[in-house]
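Below: the structure, in structure tokens.
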Amino acid sequence: MPSGRSWPANNFPRKRTSMSEPQNPAKPRPPLPEDDARKNDQDLAREEKFRRLIETGLEPFPHRADPTHTVSDIVAAYAASPRETLEASKTRVAVAGRILSLRPMGKAAFFHISDGRSKLQVYIRADIAGQEAYERFALLDLGDHVLVRGELFRTRTNELTVLAAGCDFLAKCLHPLPEKWHGLQDVELRYRRRYLDLIMNPEVMEVFRLRSAIVAHIRRFFDERGYIEVETPMMHAIAGGALARPFITHHNALDIDLYLRVAPELFLKRLVVGGMAKVYEINRNFRNEGIDAAHNPEFTMLEFYEAYRDYEDMMAMTEELLGGLSRALLGADEFPFGERTISFKPPFKRLKFMDALAHYSGLSRAIFEDPAAVIAYGERLAPDKKPLTYGRALDIIFDKHVKDNLVQPTFIINPPKDVSPLAKAAKDNPREAARFELMVGGMELANAFSELTDPAEQKLRFEQQAEERRKGDDETHPIDLDYVQALEYGLPPTGGEGIGIDRLVMLLANRKTIREVILFPLLRPKE
RNA sequence: GGGCCGUUAGCUCAGUGGUAGAGCACCGGCCUUUUAAGCCGGGUGUCGCUGGUUCGAGCCCAGCACGGCUCACCA
């Protein structure tokens, strides 16, 4: 550790040569960044303490600090060390963190600092840290950042604690933190000012650490299998790859409207045409739809494509990926989700789409043989969606009657072909697609198919979609002739799949709204 | 977009048409092993916004804003 990194030696002039020198020779400071009108008494008190701290000659915004350990390092390494071992070893540490509790007692004080994950207690006394240092310490507030230097010991109540020889100032917290006992509860404030949520609610930090670990695990899974990770355009001239309404934006220099992508699918398959036989992308999609517990307008999707495979192979891979995730990150195949326990232990249940419909809808199988009756029923469920095709009507009945029942992971196999314009037809039924949707916890978690590789058939399917659009369905796939041209160069048999990362995190983190697993979910701007 | 609920101090929350409250936080004083530290003293506020009813509105009514749940839609 570099010498001289102490309060008096580093942050303060060693000795003032004359009492007649101005107390604050430092350059004039710009006003602090907030209108006086918005400040309350506590903001003003903090500002005043900061001003007095600066007047002692201290650097208010230091460039760097030299911690030897993180709080978490210390907790991990010494949590089990008995008092005698700590005292004998005289372990010196320099550790940085935010002050999250403060118990001053005259000429000594206890406080906890946090590195965002763990907390560590510090004991500072005037006779050990020095009178001058202690007086400066007394100008600190809850929320300020400090670097504490000292030796580890255990208090009378056996808590691992740093006995501070010094305490360097690192940053000022100019506003009071939320209440220590209840944390920050207001949902809107938690999302708008997520930093406060992270500071006050440790379980929130854990959700996002888990999210990071999930994504890292997924990357490792595909990297180990020889996949190449790519990034394809987020701005599309044609918003293809999914049946969804896009966001529109504009490029000034080219003077063209562009769409934020609704899916990377068509670009990834172009790459398979180009010879990337195993390819994946983890990135954002944007869909101009409503917001609810399972939908955010921008969301993260994993899409992967593997040549020479079909959707049956994708099912096996999905089981391996999800089962492995649960075991690696949660230590078990099963995990709680709300009131239920979900098991990611392979194999997952497989259910034909039409069988699921017949089983859960209570409708007789005969009805499903009568397209007119199905369409009439679907249009009764969703009057604003008229007119419906047979497949769309089935889809609506599925959402209405089946989805919520599928809590344990279930592959819903062979949905209608006319809502799957990018999938091959099922081998044994030309009205069905060689496709599955994986349902978990009442949500669609994954969607995969044997990719349609016949360019002529693809062009025909696009034209059918255009026809539906003319009839009034605004959730159809646009024609993409450039993509058809790519297929004309030869897309090998390919299995492809998309997995919603946010929903996967919801499941594994046991959070019932997507906003709890997205750091900054979309909210209406204030004011 | 519909229905229901919410919005009071920095935060968490009480508040019954009649002088705006509590805990934490904050301010002043005391306190050298505390830990939701403690003791003494202090209430710091555009009751979301705009109107209305009333002698009188945080409370009743209408409209609006933002949020939550839910339905619809969507992955």
Using a cut-off of 4.0 Å on non-hydrogen atoms, how would the nucleic acid contact of [X] be classed: base, sugar-phosphate, or nothing?
| X | result |
| --- | --- |
| A/Leu445 | nothing |
| A/Thr300 | nothing |
| A/Ala263 | nothing |
| A/Glu437 | nothing |
| A/Arg190 | nothing |
| A/Lys400 | sugar-phosphate |
| A/Arg524 | sugar-phosphate |

5'-most by nearest nucleotide on RNA chain B - A/Gln121 or A/Asp292: A/Gln121
Closest-nucleotide ordering on RNA chain B, the 5'-leading residue of A/Leu523 and A/Ala244: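 It is A/Leu523 whose nearest nucleotide is closer to the 5' end.
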Residue-phosphate contact under 4.0 Å: A/Arg245 side-chain N/O, B/C73 OP1/OP2: no
B/G67 phosphate, OP1 or OP2, under 4.0 Å from A/Arg192 side-chain N/O: yes
Between A/Arg515 and A/Asn296, a side-chain donor and acceptor under 3.5 Å: no
Donor-acceptor pair, side chain of A/Arg194 and main chain of A/Ile518, under 3.5 angstrom: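 Side chain of A/Arg194 to backbone of A/Ile518, a donor-acceptor pair under 3.5 Å: yes, one is there.
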Polar side-chain atom of A/Arg461 near backbone of A/Ser420 as donor-acceptor pair, under 3.5 Å: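 Yes; at least one donor-acceptor contact below 3.5 Å.
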When you compare [N] with [M], how far apart are their [atom1] atoms, in angstrom units rounded to a whole number?
| N | M | atom1 | result |
| --- | --- | --- | --- |
| B/G1 | B/G15 | P | 31 Å |
| B/A20 | B/A14 | C1' | 12 Å |
| B/C26 | B/U44 | C1' | 8 Å |

Within 6.0 angstrom of A/Lys119 NZ, more than 12 heavy atoms from elsewhere: no
Residues which pass side-chain contact (heavy atoms from CB on, under 4.5 Å) with A/Glu135, listed by chain and number, not counting sequence neighbours: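 A/Glu135 satisfies side-chain contact (heavy atoms from CB on, under 4.5 Å) with A/Gln131 once adjacent residues are dropped.
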Would you list the protein and nucleotides 23-33 of chain B atom pairs, both N or O, that sit under 3.5 Å from each other?
| unit_1 | atom_1 | unit_2 | atom_2 | d |
| --- | --- | --- | --- | --- |
| B/A25 | OP1 | A/Lys180 | NZ | 3.0 |
| B/A25 | O2' | A/Gln42 | OE1 | 3.1 |
| B/A25 | N3 | A/Gln42 | NE2 | 2.9 |
| B/C26 | O4' | A/Gln42 | OE1 | 3.2 |
| B/C27 | OP1 | A/Lys49 | NZ | 3.4 |
| B/C31 | N3 | A/Gly106 | N | 3.0 |
| B/C31 | N4 | A/Gly106 | N | 3.3 |
| B/U32 | OP2 | A/Met105 | O | 3.3 |
| B/U32 | OP2 | A/Lys107 | N | 3.2 |
| B/U32 | O2 | A/Arg125 | NE | 2.7 |
| B/U32 | O2 | A/Arg125 | NH1 | 3.2 |
| B/U32 | O2 | A/Arg125 | NH2 | 2.8 |
| B/U32 | N3 | A/Asp127 | OD2 | 3.3 |
| B/U33 | O2' | A/Arg156 | NE | 2.8 |
| B/U33 | O2' | A/Arg156 | NH1 | 2.8 |
| B/U33 | O2' | A/Arg156 | NH2 | 3.4 |
| B/U33 | O2 | A/Arg156 | N | 2.6 |

Pairing residues for A/Glu265 by the salt bridge (charged side-chain N to carboxylate O under 4.0 Å, His left out) criterion, not counting sequence neighbours: A/Lys269
Result of checking A/Leu445, A/Leu507, A/Leu438 against A/Pro409 for side-chain contact (heavy atoms from CB on, under 4.5 Å):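 Considering A/Leu445, A/Leu507, A/Leu438, a side-chain contact (heavy atoms from CB on, under 4.5 Å) with A/Pro409 is found only for A/Leu438.
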